[in-house]
Amino acid sequence: MIENIATENTTLCPSARPESADSVVFGVVSGTVTKPRIAYLKQPQPVTDELIAKSSPATPAEIFRTAGPCVESGCMHFDGKDCRLAQRIVENLSAVAEELPPCSIRRNCRWWEQEGKTACMRCPQVVTDSYNPSQLMREVATPTAL
């Protein structure tokens, strides 16, 4: 599945929901509740019913980081040109990696294309579904009006 996405040069959203069409898992949430960190997979894995079932009783987005084709204007974070979520992450979160994480989707990643290394150095702390986010994480994740 990811081969088709990469071959088509589709820009990937590294914060896509697991239920999004053509989504792939590229990381697993590790670390602690207050300081989660993504453990990156060597190869992205297609999101399957079996994989979804393995996350139970948690939601797949609590356990996995998934990427899917960027839907651009179909996303509340897209301003017509850029991903405002990536902008807010770079502007508001501190770097948590000292070097580029070993990310398997980087060459097609919207955040990498738009913000470069500064986004990648912050990416390991991003969890799609967190039920105990800090106030700062809540603010960064909240879409802003155009």
Side-chain angles (χ1 to χ4, degrees), residues 1-2 5-6 10-49 51-146:
M1 181 180 295
I2 190 69
I5 292 171
T10 300
T11 300
L12 298 175
C13 168
S15 190
R17 304 282 316 164
E19 57 273 12
S20 300
D22 298 322
S23 62
V24 294
V25 173
F26 70 96
V28 177
V29 178
S30 63
T32 67
V33 171
T34 56
K35 289 190 178 178
R37 293 296 180 266
I38 302 304
Y40 293 88
L41 302 179
K42 289 183 188 218
Q43 292 295 320
Q45 300 297 312
V47 175
T48 62
D49 290 341
L51 189 66
I52 299 283
K54 287 183 180 186
S55 68
S56 182
T59 69
E62 285 178 274
I63 307 295
F64 305 118
R65 273 292 293 283
T66 54
C70 176
V71 297
E72 297 183 352
S73 61
C75 177
M76 60 188 150
H77 294 290
F78 197 72
D79 69 5
K81 180 181 175 276
D82 291 318
C83 174
R84 290 172 295 167
L85 177 58
Q87 289 171 338
R88 288 191 306 274
I89 285 170
V90 166
E91 291 169 2
N92 296 290
L93 299 181
S94 297
V96 294
E98 294 180 17
E99 55 188 47
L100 281 175
C103 180
S104 59
I105 67 159
R106 182 173 294 120
R107 70 180 179 161
N108 295 89
C109 179
R110 161 78 58 200
W111 295 1
W112 167 256
E113 290 172 11
Q114 180 181 313
E115 303 291 338
K117 183 178 179 179
T118 56
C120 295
M121 305 304 265
R122 289 154 177 80
C123 184
Q125 66 193 305
V126 176
V127 176
T128 305
D129 280 358
S130 175
Y131 296 104
N132 191 28
S134 67
Q135 182 62 33
L136 177 59
M137 280 296 205
R138 261 192 293 279
E139 290 169 8
V140 168
T142 301
T144 54
L146 290 176

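Hydrogens, waters and symmetry mates are skipped; everything else that's a heavy atom, side chains included, is used.
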Backbone N/O of Val126 and side chain of Arg65: donor-acceptor pair under 3.5 Å: yes
Any residue meeting salt bridge (charged side-chain N to carboxylate O under 4.0 Å, His left out) with Glu19, in chain and number order, not counting sequence neighbours: Arg17
Exam field: side chain Ser20 to backbone Ser23, donor-acceptor pair closer than 3.5 Å: no
Minimum heavy-atom distance Gly27-Ile38, with the two atoms named: CA-CG2, 3.7 Å
From Leu93 atom CG to Met121 atom CE, the distance as rounded to the nearest 0.5 Å: 14.0 Å
Which atom of Ser15 lies closest to which atom of Leu85, heavy atoms considered: OG-CD2, 4.0 Å
Validation row: Ile105, Pro14 side chains within 4.5 angstrom (heavy atoms): yes
Verdict with supporting geometry, Gln125 and Met137, side chain to side chain contact (heavy atoms under 4.5 Å, CB included): CA-CA 10 Å; Gln125 66 193 305; Met137 280 296 205; 3.8 Å; yes
Arg37 side chain to Ser30 backbone, donor-acceptor under 3.5 Å: no
Inter-residue atom distance Ile89.CD1 - Ser94.OG, 0.5 Å rounding: 12.5 Å
Test log, rule side chain to side chain donor-acceptor pair (under 3.5 Å), inputs Gln87 and Glu91: CA-CA 6 Å; Gln87 289 171 338; Glu91 291 169 2; 5.9 Å; no
Non-hydrogen atoms of Ile63 and Ser55 that approach each other most closely: CG1-CB, 3.9 Å
Donor-acceptor contact below 3.5 Å, side chain Asp79 vs main chain Lys81: yes
Side chain Thr118, main chain Glu115, donor-acceptor under 3.5 Å: yes
Donor-acceptor pairs are to be reported for all side-chain atoms of residues 66-74 against protein atoms at under 3.5 Å, with residues two or more places apart or in another chain.
from	atom 1	to	atom 2	distance (Å)
Thr66	OG1	Ala16	O	2.5
Glu72	OE2	Arg110	NH2	3.1

Heavy-atom closest contact (Met76 atom, Pro143 atom, distance): SD-CG, 3.3 Å
Heavy atoms of other groups near Glu99 CD, more than 12 under 6.0 Å: no
Over all atoms of both residues, closest heavy-atom pair of Cys120 and Pro124: O-CD, 3.3 Å
Short side-chain to backbone donor-acceptor contact, Arg122 and Asn92, under 3.5 Å: no
Note, Leu100 side chain near Arg106 side chain (heavy atom, < 4.5 Å): yes
Contact check, side chains of Cys103 and Trp112, non-hydrogen atoms, under 4.5 Å: no
Phe64 and Val28: CA distance, side-chain angles, deciding distance, side chain to side chain contact (heavy atoms under 4.5 Å, CB included) verdict: CA-CA 5 Å; Phe64 305 118; Val28 177; 4.2 Å; yes
pair Ile52-Val47: side-chain heavy atoms closer than 4.5 Å: yes
Sub-4.5 Å side-chain heavy-atom contact between Cys13 and Cys83: no
Side-chain donor/acceptor of Gln114 to backbone N/O of Trp111, under 3.5 Å: no
Heavy-atom pair of closest approach, residues Cys109 and Thr11: C-CG2, 4.5 Å
Stepwise side chain to side chain donor-acceptor pair (under 3.5 Å) check, Thr59 with Glu62: CA-CA 5 Å; Thr59 69; Glu62 285 178 274; 3.3 Å; yes
